[in-house]
2 protein chains.
Amino acid sequence: MKRDSRLSSVLHALLHMSEQDGPVTSEVLADCMRTNPVVVRRTMGLLRKAGYVSSAKGHAGGWTISCDLEKLTLRQLHEALGEPAVFAIGNRTETPDCLVEQSVNAILDETFAEAEALLLNRFAAITLADLAREFTSRHKRYREG
Amino acid sequence: MKRDSRLSSVLHALLHMSEQDGPVTSEVLADCMRTNPVVVRRTMGLLRKAGYVSSAKGHAGGWTISCDLEKLTLRQLHEALGEPAVFAIGNRTETPDCLVEQSVNAILDETFAEAEALLLNRFAAITLADLAREFTSRHKRYREG
DNA sequence: TTTCATGTAACTTTAGATATTACGATTCCG
DNA sequence: CGGAATCGTAATATCTAAAGTTACATGAAA
């Protein structure tokens with residue numbers, strides 16, 4: 001399976017936007033993320049629907065953050081992206097007739113659910129502002145050698 | 001992405017084998033798992049390399065469990081399968097030049113690593129014998145209505 | 001009214017899992 | 001021995017979901 005990298009993408013985009021005064025165009029974001037403007041619009045469009053960014057057409061148009069980065073969490077972004085499947089491992093059949101397979105599914109489902117809950121809780125505890133601070137300190141270390 | 005369902009498959013296969021006296025052929029396993037005998041051989045072959053099952057050719061050949069199910073854990077099976085990627089979500093680029101993306105990757109990697117560690121610890125705590133008992137009680141409930 | 005943007009549908013490409021085909025090697029039975 | 005049963009495995013095809021691309025419509029600003 002190809003991995004879904006949209007969460008990673010939007011984090012990258014939001015941080016770049018947060019360092020910018022005016023709106024940032026899809027083309028600029030696409031360039032810095034080495035992808036296509038249409039892909040950027042598609043993905044950022046989901047964040048717009050959730051109210052985290054806004055977009056403007058025409059001259060001096062582009063994307064702008066429209067929420068408080070101290071309050072925006074990775075979990076909210078994951079939800080805005082439609083809560084894509086977290087795991088690349090799963091059951092062969094979701095509703096098997098075979099009782100053996102039902103037992104296997106039951107145990108695996110329970111285990112994956114626990115791990116997913118942990119992940120989502122961690123996501124809920126990380127704000128974009130946290131990420132911005134992590135970047136600032138990384139950038140400082142980089143400048144200092 | 002298509003999810004990797006081999007762990008689920010081998011658990012299913014091993015439980016069926018454990019209820020059988022003699023060896024079980026790839027064809028029988030394939031039938032009950034609704035897949036192809038070649039797929040069964042390919043996957044079971046990995047367990048054979050790890051020493052958990054053995055295979056015999058010719059008449060009355062097939063697959064046999066060659067370890068103690070009380071000691072065989074889901075984690076060992078996951079390892080025998082080559083430790084496939086656990087997550088369907090990931091970084092856009094693994095070694096980005098962009099410092100912003102490096103920060104994003106660092107935080108995501110850390111978070112995914114925690115969730116993966118939890119999952120693997122849970123896997124290490126579940127034996128095939130546990131699964132067999134879960135099946136027995138499920139089967140009992142089923143027979144009783 | 002031209003240019004710069006987004007919005008979005010339709011289609012193509014790509015990566016990875018799974019399935020299939022084909023054939024070789026080995027073992028057992030008669 | 002000869003044939004059927006069975007695994008071993010390489011090569012190829014299929015399927016699925018993510019990502020990329022093309023095309024064109026819409027709207028805003030100079």
Side-chain angles (χ1 to χ4, degrees), chain A residues 1-10 12-13 17 20 22-31 33-49 53-66 78 81-94, chain B residues 1-10 12-13 17 20 22-31 33-49 53-66 78 81-94:
Chain A
M1 157 202 342
K2 227 175 205 173
R3 288 159 95 172
D4 181 335
S5 62
R6 290 176 306 161
L7 180 60
S8 161
S9 294
V10 300
H12 189 176
M17 287 160 66
Q20 215 58 36
V24 183
T25 66
S26 304
E27 188 146 14
V28 167
L29 288 176
D31 273 1
M33 293 159 67
R34 305 201 176 176
T35 178
N36 189 297
V38 178
V39 173
V40 171
R41 284 184 205 120
R42 203 149 52 201
T43 312
M44 295 298 284
L46 296 171
L47 304 198
R48 186 188 50 230
K49 280 180 195 156
V53 299
S54 59
S55 60
K57 292 178 178 177
H59 274 280
W63 299 90
T64 314
I65 292 172
S66 58
H78 175 69
L81 293 174
E83 307 195 64
V86 165
F87 295 106
I89 297 181
N91 296 328
R92 158 164 293 268
T93 310
E94 282 315 321
Chain B
M1 163 198 324
K2 227 175 207 174
R3 289 158 97 174
D4 181 334
S5 61
R6 290 176 305 159
L7 180 60
S8 159
S9 294
V10 299
H12 189 175
M17 287 159 66
Q20 216 59 36
V24 183
T25 67
S26 304
E27 187 146 15
V28 167
L29 290 175
D31 273 359
M33 293 158 69
R34 306 203 175 174
T35 179
N36 191 296
V38 178
V39 172
V40 171
R41 285 185 206 121
R42 202 148 53 204
T43 311
M44 295 298 284
L46 296 171
L47 304 198
R48 186 188 50 227
K49 280 181 193 155
V53 299
S54 58
S55 59
K57 292 177 177 178
H59 271 279
W63 300 89
T64 315
I65 293 173
S66 58
H78 175 69
L81 293 174
E83 306 195 65
V86 166
F87 296 106
I89 296 181
N91 296 328
R92 158 165 294 270
T93 311
E94 281 316 321

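In the text below, chain A, chain B and the rest are named by the order of the sequence lines, each starting its count at 1.
Shortest non-hydrogen contact noted between A/R3 and B/F87 is NE-O, 3.5 Å. Considering every non-hydrogen atom in both A/L46 and A/L81, the closest pair reads CD1-CD2, 4.0 Å. Closest non-hydrogen pair, A/S55 versus A/R48, comes out as OG-NH1, 3.1 Å.
B/R42 comes within 4.0 angstrom of a nucleotide base, judged by non-hydrogen atoms across all strands.
In this structure, the NZ atom of A/K49 is 10 Å from the P atom of C/dG7, given to the nearest Å. With rounding to whole Å, B/L47 atom CG is found 15 Å from D/dG8 atom C1'. Whole-Å rounding puts the B/N36 CG to D/dG8 C1' distance at 14 Å. One interatomic measurement links the two molecules: CG of A/L46 to P of C/dG7, which rounds to 11 Å at whole-angstrom precision. Taking atom CZ on B/R34 and atom P on C/dT18, their separation rounds to 17 Å, with Å as the unit. For the pair B/L29 CG and D/dG8 P, the computed distance is 12 Å after rounding to whole Å. Counting to the nearest Å, the P atom of D/dA17 and the CD atom of A/E83 are 18 Å from each other. One can place CG of B/L81 at 10 Å from P of C/dT18, the figure rounded to the nearest angstrom.
A side-chain donor-acceptor contact under 3.5 Å links B/R92 and A/S9.
Across D/dA18, C/dT20, C/dT6, the shortest atom-to-atom separation from the side chain of A/K2 is found for D/dA18.
Contact check, A/R48 against C/dG7: a side-chain N or O comes under 4.0 Å of OP1 or OP2. Listed pair A/T35 / D/dA19 fails the phosphate criterion, with no side-chain N or O lying under 4.0 Å from OP1 or OP2. Side-chain nitrogen and oxygen atoms of B/S5 include at least one within less than 4.0 Å of the OP1 or OP2 phosphate oxygen of C/dT18. Note on B/R41: a side-chain N or O is less than 4.0 Å away from OP1 or OP2 of D/dC7.
At distances below 3.5 Å, not a single donor-acceptor pair connects side-chain atoms of B/S5 with backbone N or O atoms of B/S8.
Against DNA chain D, the stretch residues 56-64 of chain B makes heavy-atom approaches under 4.0 Å through B/A56, B/K57, B/G58, B/H59, B/A60, B/G61, B/G62, B/W63.
Counting only heavy atoms from C-beta outward, the side chains of B/M17 and B/V53 approach each other to under 4.5 Å.
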Name the atoms and distances for all side-chain donor-acceptor pairs under 3.5 Å in residues 34-42 of chain B, with sequence neighbours left out.
{"residue": "B/N36", "atom": "OD1", "partner": "B/V38", "partner atom": "N", "Å": "2.9"}
{"residue": "B/R41", "atom": "NE", "partner": "B/S26", "partner atom": "OG", "Å": "3.4"}

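Both A/S26 and B/V38 lie close to DNA chain C; mapped to their nearest nucleotides by heavy-atom distance, the more 5′-ward contact belongs to A/S26.
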